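All chains are named by letter (A, B, ...) in the order of the sequence lines, taking the proteins before the strands, and each is independently numbered beginning at 1. This is a predicted model, so every value here is computed, not measured.
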There are 2 protein chains.
Amino acid sequence: MQRGNYNKRCAIISAATAVFVRDGYVGASIDAIAEEASVSRQTIYNQIGDKEKLFVEVVRGINEQGSARLIAVLATFPDEPEDIGRELVEFAIRLTRDCLCDENSRALRKLIENEGSRYPELFETWKDYGPGKNWPAISARFARLARAGDIDLDDPDLAARQFMALIRADLPNEPGQMVSDAELAQAARNGVRTFLRAYGKREAALAL
Amino acid sequence: MQRGNYNKRCAIISAATAVFVRDGYVGASIDAIAEEASVSRQTIYNQIGDKEKLFVEVVRGINEQGSARLIAVLATFPDEPEDIGRELVEFAIRLTRDCLCDENSRALRKLIENEGSRYPELFETWKDYGPGKNWPAISARFARLARAGDIDLDDPDLAARQFMALIRADLPNEPGQMVSDAELAQAARNGVRTFLRAYGKREAALAL
DNA sequence: GACGAATTGGACAAGAGTGTCCAAAAGTCA
DNA sequence: TGACTTTTGGACACTCTTGTCCAATTCGTC
């Protein structure tokens, strides 16, 4: 009773994610989702309920996924770097690849931006579980680097925001376009170099 | 024959802009636009044609407006700065206030992001007239500053992208939320300070 | 094979939206 | 005033979507 249920349910949620992301809330039709999931429309109503419940489920799913990935990446922050430039670049690559460029994360941002005003509750979920939640964690890591003397900054929160902005600055951000590993690496290197020119020892930046 | 036409036409485009921005392409109904414009639905069909033509018209309008504003702001770039820090901050404030935070520009970005895939032609218009078109102009200004010895950089294009990213990094970017002048100024100052720490003489950054 | 639960597909009502048609009303200009 | 154009509002056909109902079928399990 659980097994079959569960498989269908996953297929539905997965298909719904794709369709909502592609067409937005209003543009997505239950029929399209049913077809994408290779499931009859009725099954969707049996399993989940109405369109809104389905949407909430989709957003929560992406949210949890993204949050988990972000936490995993944060765990790889170079707390005691030997070569701070290289290690920050590698961290930046992981961050952009797994958490920023990732198709679902971008989709989530888009969905939130578009439907957030219609479903304020989603906004709350996003604030609690979404990427924003973990920025303080990044700030704390930078603050620790500063205390250890690896970098020189006064406002870790600001530095964290700027770090994110810099490693994003050079990413091609056309919607739905794939970003190659080489582009990713180049963007990370450019961002980190400028970050270190501003906050690091000059040698570290020049070494990049 | 032109007079009455023209007024109605403007009212329609203006109302359509508001509704498309608020509800997206699919969510916007002709009836809602007609009501917002205080015009009968039939008049819209008489004046413009179908929904798609209306949408194209709206996007082109916002595009032209935004592009004009950006060019105007670019003309105020501090080419021969006395106090580079202060003048860059003031430039950054104008840029964010008039071109980035502006309600219509944000809306345009959103519309392009959502409907761009459906109307590739809009994407082209946006590339030709949109903000991206004028980035080379910013790069050129930074290159000139570098030649004059005011700042120290090797890749003006990259510097321009990072400048934009840095002055954006600290802007509150909740959709539809108003940004106060104080927040704007603070964000600009933070961004420019880091930019100058990386690319300028250290004194200029510290003076901020 | 047989039972019970889940799934399917088709039909259905209700609602909303688009685009067209048309006759009546309002506005414009000489 | 009179001729001409534009606007209006209502009616209409058509399509699409949502959500419900139901009988037939399939699936899992014993």
Side-chain angles (χ1 to χ4, degrees), chain A residues 1-61 110-111 114-115 117-119 121-122, chain B residues 1-61 110-111 114-115 117-119 121-122:
Chain A
M1 159 193 166
Q2 276 281 16
R3 190 72 143 285
N5 265 0
Y6 191 68
N7 282 341
K8 295 276 179 190
R9 199 169 208 281
C10 286
I12 291 169
I13 301 277
S14 159
T17 304
V19 176
F20 275 134
V21 162
R22 171 159 43 83
D23 300 335
Y25 182 79
V26 193
S29 82
I30 302 280
D31 291 277
I33 294 172
E35 192 184 8
E36 181 97 5
S38 303
V39 145
S40 104
R41 183 173 69 249
Q42 188 56 36
T43 303
I44 297 185
Y45 286 104
N46 286 346
Q47 289 276 349
I48 281 122
D50 59 8
K51 192 176 179 181
E52 188 168 329
K53 286 209 190 73
L54 184 52
F55 184 64
V56 171
E57 210 61 25
V58 162
V59 170
R60 222 190 29 177
K110 190 171 139 184
L111 284 180
N114 290 329
E115 325 291 353
S117 51
R118 233 187 299 268
Y119 303 93
E121 155 221 351
L122 284 184
Chain B
M1 158 195 167
Q2 277 282 17
R3 190 73 142 285
N5 265 1
Y6 191 68
N7 281 339
K8 295 275 179 190
R9 200 170 207 279
C10 286
I12 291 169
I13 301 278
S14 159
T17 303
V19 176
F20 275 133
V21 161
R22 170 158 43 83
D23 300 335
Y25 182 79
V26 193
S29 82
I30 302 280
D31 291 276
I33 296 173
E35 192 183 9
E36 180 98 5
S38 303
V39 145
S40 104
R41 183 172 71 249
Q42 187 58 36
T43 303
I44 295 184
Y45 286 103
N46 287 345
Q47 289 275 350
I48 281 123
D50 58 8
K51 192 177 180 180
E52 188 169 328
K53 287 208 188 74
L54 185 52
F55 184 63
V56 170
E57 210 62 26
V58 162
V59 171
R60 221 189 31 176
K110 190 170 138 184
L111 284 179
N114 290 330
E115 325 292 351
S117 52
R118 232 188 298 270
Y119 303 94
E121 155 220 350
L122 283 185

Out of [options], whichever nucleotide has its closest atom nearest the side chain of [X]:
{"X": "B:Lys8", "options": "D:dT7, D:dT18, C:dT7", "answer": "D:dT7"}
{"X": "A:Gln42", "options": "D:dT20, D:dT8, D:dT18", "answer": "D:dT20"}
{"X": "A:Ile30", "options": "D:dC21, D:dT18, D:dT8", "answer": "D:dT18"}
{"X": "A:Tyr45", "options": "D:dG19, C:dT20, C:dT7", "answer": "D:dG19"}
{"X": "A:Gln47", "options": "C:dT7, D:dT17, D:dG19", "answer": "C:dT7"}

Output the rounded distance in Å from [atom1] ([X]) to [atom2] ([N]).
{"X": "A:Ile44", "N": "C:dT8", "atom1": "CD1", "atom2": "P", "result": "10 Å"}
{"X": "B:Ile48", "N": "C:dT18", "atom1": "CD1", "atom2": "C1'", "result": "16 Å"}
{"X": "A:Glu35", "N": "C:dT8", "atom1": "CD", "atom2": "P", "result": "13 Å"}
{"X": "A:Glu52", "N": "D:dT17", "atom1": "CD", "atom2": "C1'", "result": "16 Å"}
{"X": "A:Lys51", "N": "D:dT20", "atom1": "NZ", "atom2": "P", "result": "14 Å"}

Is [X] touching bases, backbone alone, or none of the nucleic acid, heavy atoms closer than 4.0 Å?
{"X": "B:Asn46", "value": "base"}
{"X": "A:Ala32", "value": "nothing"}
{"X": "A:Asp31", "value": "base"}

B:Arg41 vs B:Asp31, test: side-chain contact (heavy atoms from CB on, under 4.5 Å). Steps then yes/no.
CA-CA 6 Å; B:Arg41 183 172 71 249; B:Asp31 291 276; 2.7 Å; yes
CD-OG1 distance between B:Glu36 and B:Thr17, expressed to the nearest 0.5 angstrom:
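It is 10.0 Å, given to the nearest 0.5 Å.
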Quick one: pull up CD in A:Glu57 and CD1 in A:Ile13 and give me the separation to the nearest 0.5 Å.
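Those atoms lie 4.5 Å apart.
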Would you mind telling me which residue lines up with the more 5' stretch of DNA chain C, B:Gly27 or A:Thr43, judged by nearest nucleotide?
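Its nearest nucleotide lies further toward 5', so the answer is A:Thr43.
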Is it possible for you to check whether A:Lys51 lies under 6.0 Å from the centre of the six-membered ring of A:Tyr25, through NZ or CZ, and within 45° of that ring's axis?
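A:Lys51 over A:Tyr25 ring: yes.
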Side chains of B:Asp50 and B:Lys53: closer than 4.5 Å at any heavy-atom pair?
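Heavy-atom side-chain distance check passes, below 4.5 Å.
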Distance-only donor-acceptor test (3.5 Å): side chain A:Arg41, base C:dG9
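Checked by distance alone, the answer is no.
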